[in-house]
Participant: 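Take a look at the following structure, please.
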2 protein chains.
Amino acid sequence: MNEQELSLTEENYLKIIYKLEMEHKGEVTTNAIADLTNTKAASVSDMLKRLSQKVLVNYIKYQGVTLTPEGRKKALMVIRKHRLWEVFLVDQRGYSLEADHEIAEQLEHIESLQLVDQLEKVLGYPPVDPHGDPIPNAKGEMPNKKQIFLKDMQINQKGQIMGVKDTSPLFLKYLDKIGIGIGTEFEIIDRVEYDQSVELNISGRLTIISKEVAQNLFTIE
Amino acid sequence: MNEQELSLTEENYLKIIYKLEMEHKGEVTTNAIADLTNTKAASVSDMLKRLSQKVLVNYIKYQGVTLTPEGRKKALMVIRKHRLWEVFLVDQRGYSLEADHEIAEQLEHIESLQLVDQLEKVLGYPPVDPHGDPIPNAKGEMPNKKQIFLKDMQINQKGQIMGVKDTSPLFLKYLDKIGIGIGTEFEIIDRVEYDQSVELNISGRLTIISKEVAQNLFTIE
DNA sequence: ATAATTGTTTAGATGAACCTAAATTAGTAA
DNA sequence: TTACTAATTTAGGTTCATCTAAACAATTAT
Ligand SMILES: [Mn+2]
Ligand SMILES: [Mn+2]
Ligand SMILES: [Mn+2]
Ligand SMILES: [Mn+2]
């Protein structure tokens, strides 16, 4: 009595409920969902009833919703697909972080167990997507990875750029110029007291990045 | 008054009408469409009215449909996407020709001008998909490429394997074993009168393939 | 405690995409 | 020609996902 096919719409609802649940740590409100789905509260009520019927959410009138274990798993699978496609688009296709998300929003609904797992393998089991958000594993579990900004790293620590916080074209273009991208390996050489800029060793060369830049680059774990 | 968004369903109908139009060279019948879409004739009538409204098909009651120029273009763009994704899946992901088609059936509906064109570029502007069917260009025109089977090639002719006719796992596994795949470059060395087997030069090495194999491998143009 | 406000649900509709059953049309056979 | 048959369309329903307007519940202010 498992493996029900979900519609694209249902998947989007579950994903959004998951996100809101994480943010506010608790029941998710009808209006909040309506906002993120670009629909009206009435439509959300409707959908919540349907999702409840399918035992994907716990829904009590006037009290908001939470995901059931099954619903959470479904949500995480969608998120997994979304993020793996994002890595693919950005890493392998040179997509911008902007355009990226929109297409991933569509690709996340492609159903094929095989394809996602294969994608993950080809991409080298990335722990996070290009925005630095962790990628759930094939069992539908969210790993507990945390972003660590270069700004906060110790001297002599090594790492690999896993994402950026600021995704403006201006910033991304600058990164490109100084030869920093996702996957770039580095070592923290020193921090300049005067202006909080950070000295990095990037493949043997000394690169200095400002405090602002160091606040927007992160690695994982 | 152009660029209308088509639903996934509408796209599938257009694609199927295109195929039937090519096969039977002329008006396409309601029942034929119903068969290929796994729906009933009544549903097809419904849809034809809608597509007609949008000027994507020429529809006269009881007389079948044809695509309008706009409809044909839309159909070809879907086919273009389908086939490029197929090349991607088979060439770059090692997908089987079977599984391939099912997923391409979904991926063909991802909308992004950018992504398709980029995909095409990364794949090296393949003229045909792994089944040997030609890939429409970015303008929505179907090129007039033709498959030429190794069986029918002249001695000394060179080429590149562009696809296979038999897509059974047995055959594909065998090809793999003898080191032949899509993209493999070859030269026809000789044809053995006795059993019609063909001698190939593949990167300097002599490879002999049977008549059966030569009937199932083709190159283009 | 009562009233006002805000959030949420129900009622009643709509459009897309489908269905079954009944009517209609076109083409063929008598 | 007229009747029969096969293909097609219309009529009337269903489900999903949406909407607006009206009703109702919960919370907050007086
Ligand atoms: Mn995203
Ligand atoms: Mn989505
Ligand atoms: Mn195909
Ligand atoms: Mn399709």
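Quick caveat: nothing in here was measured; it's all calculated off a predicted structure. Chain A is the first sequence line, chain B the second, and so forth, proteins listed ahead of strands; every chain is numbered from 1. Only heavy atoms go into these numbers, but all of them, side chains included; no hydrogens, no water, no symmetry mates.
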Participant: What is the distance, to the nearest angstrom, from the CD1 atom on A/I60 to the C1' atom on C/dT8?
Facilitator: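 Taking atom C1' of C/dT8 as the reference, CD1 of A/I60 is at 14 Å.
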
Participant: Given that A/Q63 and A/E10 both sit by DNA chain D, which one's nearest nucleotide is further toward the 5' end?
Facilitator: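 Looking at DNA chain D, the more 5' nearest nucleotide goes with A/E10.
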
Participant: How long is the gap from NZ on B/K15 to CD on B/E108, to the nearest 0.5 Å?
Facilitator: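 Going from NZ on B/K15 over to CD on B/E108, the span is 3.5 Å.
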
Participant: Rounded to the Å, how far apart are B/M47 CE and C/dC19 P?
Facilitator: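 Atom-to-atom, B/M47 to C/dC19, this comes out as 11 Å.
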
Participant: Ignoring backbone atoms, test whether B/K61 places a side-chain nitrogen or oxygen under 4.0 Å from the OP1 or OP2 oxygen of D/dT10.
Facilitator: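 Affirmative; the distance criterion is met.
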
Participant: Is any side-chain nitrogen or oxygen of A/T9 closer than 4.0 Å to OP1 or OP2 of D/dA17?
Facilitator: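 True: A/T9 side-chain N/O within range (under 4.0 Å) of D/dA17 OP1/OP2.
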
Participant: Nearest heavy-atom pair of A/L150 and A/I161: which atoms, and what distance?
Facilitator: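 Closest heavy-atom pair between A/L150 and A/I161: CD1-CD1, 4.0 Å.
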
Participant: Between B/N38 and B/K54, who's closer to the 5' end of DNA chain C by nearest nucleotide?
Facilitator: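 In this pair, the answer is B/K54.
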
Participant: Is there a donor and acceptor pair closer than 3.5 Å between the side chain of B/D46 and the base of C/dC18?
Facilitator: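 Such a pair exists between side chain and base.
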
Participant: How close or far is atom C1' of C/dG7 from atom CG of A/D35, stated in whole angstroms?
Facilitator: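 After rounding, the reported distance stands at 12 Å.
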
Participant: Whole-Å distance between C/dG7 C1' and A/I33 CD1?
Facilitator: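 Answer to the nearest Å: 13 Å.
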
Participant: B/E27 CD to D/dT8 P: how many Å, rounded?
Facilitator: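 Rounded to whole Å, this separation is 12 Å.
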
Participant: Take atom NZ of A/K49 and atom P of D/dC16, then tell me their distance rounded to the nearest Å.
Facilitator: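 About 13 Å, once rounded to whole Å.
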
Participant: Please state how far atom CG in A/L6 lies from atom P in D/dC16, giving the value in whole angstrom units.
Facilitator: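 Roughly 13 Å, once rounded to whole Å.
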
Participant: Under a 3.5 Å cutoff, is there a donor and acceptor pairing between the side chains of B/N58 and B/T66?
Facilitator: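 Yes, B/T66 and B/N58 have a side-chain donor paired with an acceptor closer than 3.5 Å.
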
Participant: Does a side-chain N or O from B/Y13 land closer than 4.0 Å to OP1 or OP2 of C/dC18, or not?
Facilitator: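 It does, given that an N or O in the side chain of B/Y13 lies less than 4.0 Å from OP1 or OP2 of C/dC18.
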
Participant: Within the structure, does a side-chain N or O atom of B/K40 lie under 4.0 Å from either OP1 or OP2 of C/dA21?
Facilitator: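 Result: no.
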
Participant: For D/dT18, take OP1 and OP2 only and decide whether either is under 4.0 Å from a side-chain N or O of A/S43.
Facilitator: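 For D/dT18, OP1/OP2 do not have a side-chain N/O of A/S43 under 4.0 Å.
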
Participant: With a 4.0 Å limit, can you tell me whether B/S45 has a side-chain N or O closer than that to the phosphate oxygens OP1/OP2 of D/dT10?
Facilitator: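 False: B/S45 side-chain N/O out of range (4.0 Å or more) of D/dT10 OP1/OP2.
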
Participant: So, is A/T29 close to the C/dG7 phosphate, meaning a side-chain N or O under 4.0 Å from OP1 or OP2?
Facilitator: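 False: A/T29 side-chain N/O out of range (4.0 Å or more) of C/dG7 OP1/OP2.
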
Participant: For C/dT6, does OP1 or OP2 lie under 4.0 Å from any side-chain N or O of A/N31?
Facilitator: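 A/N31 to C/dT6 OP1/OP2: no side-chain N or O under 4.0 Å.
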
Participant: To the nearest Å, how far apart are A/L8 CG and C/dA17 C1'?
Facilitator: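 About 16 Å, once rounded to whole Å.
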
Participant: Go nucleotide by nucleotide along DNA chain D from the 5' end; which of B/G64 and A/Y62 gets its closest nucleotide reached first?
Facilitator: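 Looking at DNA chain D, the more 5' nearest nucleotide goes with B/G64.
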
Participant: Taking atom CD of A/Q154 as the centre, report whether more than 12 heavy atoms of other residues, nucleotides or ligands fall under 6.0 Å from it.
Facilitator: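 No, because the 6.0 Å sphere around CD of A/Q154 holds 12 heavy atoms or fewer from other groups.
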
Participant: Please check the phosphate of C/dA16 (OP1 and OP2 only) for any side-chain N or O of B/R50 closer than 4.0 Å.
Facilitator: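 No, no such contact exists.
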
Participant: Within the 3.5 Å criterion, strictly below it, is a donor on A/D195 or A/S197 matched to an acceptor on the partner's side chain?
Facilitator: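 Yes, side-chain donor-acceptor contact under 3.5 Å.
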
Participant: Is it true that A/H82 and A/H101 share a donor-acceptor pair across their side chains at a distance under 3.5 Å?
Facilitator: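 On atom types as modelled, these side chains qualify, holding a pair under 3.5 Å.
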
